[in-house]
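For reference, the structure is listed below as structure tokens.
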Amino acid sequence: QVRLVESGGGLVQAGGSLRLSCAASGRTFSSYAMGWFRQAPGKEREFVAAISWSFGVTYYKDSLKGRFTISRDNAKNTMYLQMNSLKPEDTAVYYCAAQEDWEGFRSWYSSRSGYDYWGQGTQVTVSS
């Protein structure tokens, strides 16, 4: 069983930065793909960014490119999301997700249904 634990959320002023972490345990992650999603109050959960564990291929929601950076530390089995120039509209619960087999990653990376494992989420609040 894969376990994902997010951390690093909090309250930040607009223009500030946060780095979220997602610690993964339970399996060998060499063939995994992982992603970040977020859900604001009253809205659907939406894709933020994704990364393939072995090759580090990354994808982003178009509107977040340049402000958010996804990365992973293979040795620590940890994925990160560096968020800069934060805006009030970035306020949401941020979830990390994982899929054991990244085959066809390019076709499903932004879809919630593409991921089998989810963390519990971490709250990010950006004040204006």
List in chain and number order the residues that pass side-chain contact (heavy atoms from CB on, under 4.5 Å) with V93, two or more places apart in sequence or in another chain; answer none if no residue qualifies. Y95, Q123

Are the side chains of L81 and R19 in touch, meaning some heavy atoms are under 4.5 Å apart? no

When rounded to the nearest 0.5 angstrom, what is the spacing between CG in L64 and CG in D90? 6.5 Å

Side-chain heavy-atom pair M34, L4 within 4.5 angstrom cut-off: yes

Side-chain contact, heavy-atom cut-off 4.5 Å: W118 with R45? yes

Only pairs at least two apart or in different chains count here, so list each ring pair (Phe, Tyr, Trp, His ring centres under 6.0 Å) that has a residue in residues 66-94. none

Please find the pair of heavy atoms, one from M83 and one from V124, that lie closest to each other, and give the distance. CE-CG2, 3.9 Å

Would you find a donor on one side and an acceptor on the other, under 3.5 Å apart, between the side chain of W53 and the backbone of M79? no

Is T91 reaching over with its side chain to a backbone N or O of T125, donor-acceptor style, under 3.5 angstrom? no

One thing to verify: whether E44 and R112 come together as a salt bridge, which I'm taking to mean a side-chain N less than 4.0 angstrom from a carboxylate O. yes

Mark yes or no for whether R3, through its side chain, and S25, through its backbone, hold a donor-acceptor pair below 3.5 Å. no

How close do A98 and Y32 get, counting heavy atoms only, and between which atoms? CB-CD2, 4.0 Å

Which disulfide bond (SG atoms under 2.5 Å apart) pairs, counting each pair once, include a residue from residues 64-104, with sequence neighbours left out? C22-C96

Show, in sequence, the C-alpha distance, side-chain angles and deciding distance for T78 and R72, and conclude whether the side-chain contact (heavy atoms from CB on, under 4.5 Å) test is met. CA-CA 6 Å; T78 300; R72 87 272 190 245; over 6 Å; no

Test item: R38 side-chain N/O and A92 main-chain N/O as donor-acceptor pair under 3.5 Å: no

For S52, the side-chain contact (heavy atoms from CB on, under 4.5 Å) test, sequence neighbours excluded, returns F55, V57, W102, F105

My understanding is that only one of F47, F37, Y109 makes a ring pair (Phe, Tyr, Trp, His ring centres under 6.0 Å) with Y115; could you say which? F37

Working to the nearest 0.5 angstrom, can you tell me the gap between L11 CG and Q13 CD? 8.0 Å

Is it the case that more than 12 heavy atoms not belonging to E89 sit under 6.0 Å from its CD atom? yes

Taking side-chain contact (heavy atoms from CB on, under 4.5 Å) as the definition, give me every residue that meets it alongside N84, ordered by chain and number, with sequence neighbours left out. S17, Q82

Determine yes or no for a side-chain-to-main-chain donor-acceptor pair under 3.5 angstrom, with S107 supplying the side chain and G104 the backbone. yes

Can you sort out the partners of Y117 under ring-ring contact (aromatic ring centres under 6.0 Å, His included), two or more places apart, ordered by chain and number? none

